Amino acid sequence: MKGENRVESNKSERTLFSIEDINSRVKELGGLISKDYKDNNLVVVSLLRGSFIFTADLVRKMTIPVEIDFMTTSSYGHDEISTGNVNIIHDIRSDIKDKDVLIVDDIMDSGYTMKRVVEYLKSKKPNSIKICVMLDKPSRRKVDLSPDYVGFTIPDVFIVGYGLNYGDYYRNIPHIFTFD
Ligand code: IMP
Ligand code: MG
């Protein structure tokens with residue numbers, strides 16, 4: 001039904017990162033990654049669906065050759081809260097053997113998703129694997145894993161926009177916000 005899973009209209013939206021904040025940070029990250037990987041065979045593995053917007057922006061700020069591939073994971077339970085049971089429901093198509101993989105996601109929360117993806121991709125014998133997330137919530141971490149590149153570190157608040165959803169909505173909103 002249209003409008004299902006949207007937050008009730010009595011909640012107010014509070015912007016955490018504006019379009020300008022996001023643009024300038026993504027540009028910095030793209031520059032940094034381009035410098036760090038200038039002598040490598042970089043493959044970006046973007047985790048769907050949450051990272052589609054961040055990935056599209058980030059790779060356009062990179063100034064080195066880059067292969068781009070996508071992977072979809074699912075975790076049992078509610079969409080917004082990951083559990084330890086993370087399944088790979090759509091695999092990458094590229095051969096990453098001996099290449100340098102950068103996994104790109106919207107947010108690292110418990111870290112269960114990322115841990116599963118890192119372990120899975122390792123079995124394909126890449127030369128290296130690093131992690132880039134737009135947002136990091138380190139206070140929520142349940143596994144011993146940290147991202148190598150972070151857009152913004154945030155406290156334990158539920159956020160939407162810039163690819164992040166609540167229910168079926170909000171991914172297309174160009175800034176990052178929370179509900180108060
Ligand atoms: P993790 O496996 O707990 O690290 O969670 C990763 C996934 O949970 C992200 O890719 C998002 O899809 C979702 N998620 C975690 N925190 C938020 C949030 O604040 N807003 C929207 N989705 C979130
Ligand atoms: Mg996600």
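Counting starts at 1 for both ligands and their atoms, following the listed order. These numbers come from the heavy atoms of this one structure, side chains and all, not from hydrogens, waters or symmetry mates. Bear in mind the structure is a predicted one, so any value in this text is a computation, not a measurement.
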### Task
Say whether G111, considering both its backbone and side-chain N or O atoms, lies within less than 3.5 Å of an N or O atom on ligand 1.
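Yes, G111 has an N/O under 3.5 Å of an N/O on ligand 1.
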### Query
Does an N or O anywhere in I159 fall below 3.5 Å from an N or O of ligand 1?
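Yes: some nitrogen or oxygen of I159 is under 3.5 Å from one in ligand 1.
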Can you find a non-hydrogen atom of [X] under 4.0 Å from ligand 1?
X: N165; answer: yes
X: G50; answer: no
X: D105; answer: yes

### Query
Quick check: are there more than 12 heavy atoms from other residues, nucleotides or ligands sitting under 6.0 Å from CG of D156?
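Correct, the count exceeds 12.
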### Task
Can you establish whether the number of heavy atoms outside K115 located under 6.0 Å from its atom NZ is more than 12?
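No, NZ of K115 has 12 or fewer neighbouring heavy atoms, counting only those of other groups under 6.0 Å.
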### Message
Applying a heavy-atom cut-off of 4.0 Å, say which part of L164 lies close to ligand 1: side chain, backbone, both or neither.
### Response
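The answer is the side chain.
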### Message
Angle between ring planes, Y170 versus Y166, binned at 30° and 60°: parallel, tilted or perpendicular?
### Response
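Ring orientation, 0 to 90° scale: tilted.
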### Query
Does any non-hydrogen side-chain atom of L29 lie less than 4.5 Å from one of R25?
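Yes - at least one pair of side-chain heavy atoms lies under 4.5 Å apart.
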### Task
State, yes or no, whether a side-chain contact exists between T73 and Y120 at a heavy-atom distance under 4.5 Å.
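With C-beta onward as the side chain, the pair stays apart.
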### Message
Give the atom numbers and elements of ligand 1 that come within less than 4.0 Å of a heavy atom of K137.
### Response
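Within the 4.0 Å cut-off of K137, ligand 1 contributes 16 (N), 17 (C), 18 (C), 19 (O).
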#### Entry: Per atom 12 (O) of ligand 1, closest listed option by heavy atom (L145, D106, V157, T113)
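The residue whose heavy atom sits nearest atom 12 (O) of ligand 1 is D106.
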### Task
Can you measure from CZ (R171) to CG (D106) and round to the nearest 0.5 angstrom?
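Here the interatomic distance stands at 7.5 Å.
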